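Report on one structure; see the data block that follows.
Since this is a predicted model, take the numbers as computed values, not measurements. Each ligand, and each atom within it, is numbered from 1 in the order the structure gives.
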Amino acid sequence: MSDMITLALSKGRIFEETLPLLAAAGIEVLEDPEKSRKLILPTNRADVQVVLVRATDVPTYVGHGGADLGVAGKDVLIEHGGEGLYQPLDLNIARCRMSVAVREGFDYEAAVRQGSRIRVATKYTTIARQHFADKGVHVDLIKLYGSMELAPLTGLADAIVDLVSTGKTLKANHLVEVEPFMEISSRLVVNQAALKLKRDRLRPLIDAFAAAIPKD
Ligand code: PRT
Ligand code: MG
């Protein structure tokens, strides 16, 4: 195993909201991912680098040792399963909620009450399946990889399960949030073998992150 500590992050909100935590650990990323095409970003510490991967690939990179640690949403971690990952900290960043939403005018409560089979489109099939199983509601899940908002508008589905933060995306597409059911934030994930082999350098980093977690 190399002497380098590699941190996997996704571009956008996770990168932006992890920067203050890195700063608290004395780490400064030396390039802006929005301006550079590089996928490996150096830091002010010669033994620490950041790799940019898709948000859904962070657990895979860390689980297989392509990175020593990373930051991933609870949604992504549940869908991935979390094998090989030590999850020491809820970082309380990139917060949002998982919700059921329907087309304006669709009576979700009535559909649930009547026990009709509801067609639900989502990228989050594991989370959605569990949610409706807990409610005892029969659903037909339709797996999508994006633009979930379109599904109820085109008649592909009655409902969607998606992340909501401001609610603007739903509103712009004439959808209504009918059932928020899971609070989501991002967690620090660490490769279990790396934690043993690089413990003396990873532990201070984890401790600095812990001390800098934003409060509500
Ligand atoms: O966008 P891309 O396809 O590249 O990847 P990604 O969507 O997996 O990454 P990214 O950076 O968008 O999300 C990374 C993580 O941020 C997710 O795994 C969540 O844990 C967290 N997060 C926090 C969010 C949101 N807030 C969020 N609002 N992830 C996605 N959204 C999307 C949501 O899916 C919907 O399309 O934003 C839209 C809703 O936002 P509002 O503000 O209009 O309600
Ligand atoms: Mg996104």
field: Proximal atoms of ligand 1 relative to L163 (non-hydrogen, under 4.0 Å)
entry: 19 (C), 24 (C), 29 (N), 30 (C), 33 (C), 34 (O), 35 (C), 39 (C)
- prompt: Are K11 and ligand 1 in contact, using a heavy-atom cut-off of under 4.0 Å?
  reply: yes
- prompt: Quick one: which ligand 1 atoms are inside 4.0 Å of a heavy atom on T166?
  reply: 41 (P), 42 (O), 43 (O), 44 (O)
- request: Could you list which atoms of ligand 1 come closer than 4.0 Å to a heavy atom of K168?
  value: 43 (O), 44 (O)
- line: Nearest non-hydrogen contact to atom 25 (C) of ligand 1 from the set R13, K123, E17, E149 belongs to R13
message: Using a 3.5 Å cut-off on N or O atoms only, is T169 in polar contact with ligand 1?
response: yes
- prompt: Under a heavy-atom criterion of less than 4.0 Å, does M148 contact ligand 1?
  reply: no
- line: Interatomic distance, OG1@T125 vs NZ@K143, rounded to 0.5 Å, equals 4.5 Å
Q49 side chain vs L41 backbone, donor-acceptor pair below 3.5 Å: no
query: Short N/O distance, under 3.5 Å, between T56 and ligand 1?
result: no
message: I'd like to know whether ligand 1 has I184 as a neighbour, heavy-atom separation below 4.0 Å.
response: yes
- prompt: Would S185 and D90 count as a side-chain hydrogen bond (donor to acceptor under 3.5 Å, both in side chains) if you check the C-alpha gap in whole Å, the side-chain angles of each, and the deciding distance to 0.1 Å?
  reply: CA-CA 7 Å; S185 55; D90 181 342; 2.8 Å; yes
task: Answer with yes or no whether G73 contacts ligand 1, where contact means a heavy atom under 4.0 Å from a ligand atom.
output: yes
field: Partner residues of H131 under the ring-ring contact (aromatic ring centres under 6.0 Å, His included) criterion, sequence neighbours left out
entry: F181
field: F106: partners by ring-ring contact (aromatic ring centres under 6.0 Å, His included), with sequence neighbours left out
entry: none
- prompt: Are the side chain of S36 and the backbone of K38 linked by a donor-acceptor contact shorter than 3.5 Å?
  reply: yes
query: Based purely on interatomic distance, does S186 place a nitrogen or oxygen under 3.5 Å from a nitrogen or oxygen of ligand 1?
result: no
message: With heavy-atom distances below 4.0 Å as the criterion, list the atoms of ligand 1 near V76.
response: 18 (O)
task: Pull out every atom of ligand 1 sitting under 4.0 Å from any heavy atom of R54, numbered as shown with elements.
output: 2 (P), 3 (O), 4 (O)
- prompt: With a cut-off of 4.0 Å, which atoms of ligand 1 are near a heavy atom of V164?
  reply: 44 (O)
- prompt: Quick one: does S10 get an N or O within less than 3.5 Å of an N or O on ligand 1?
  reply: no
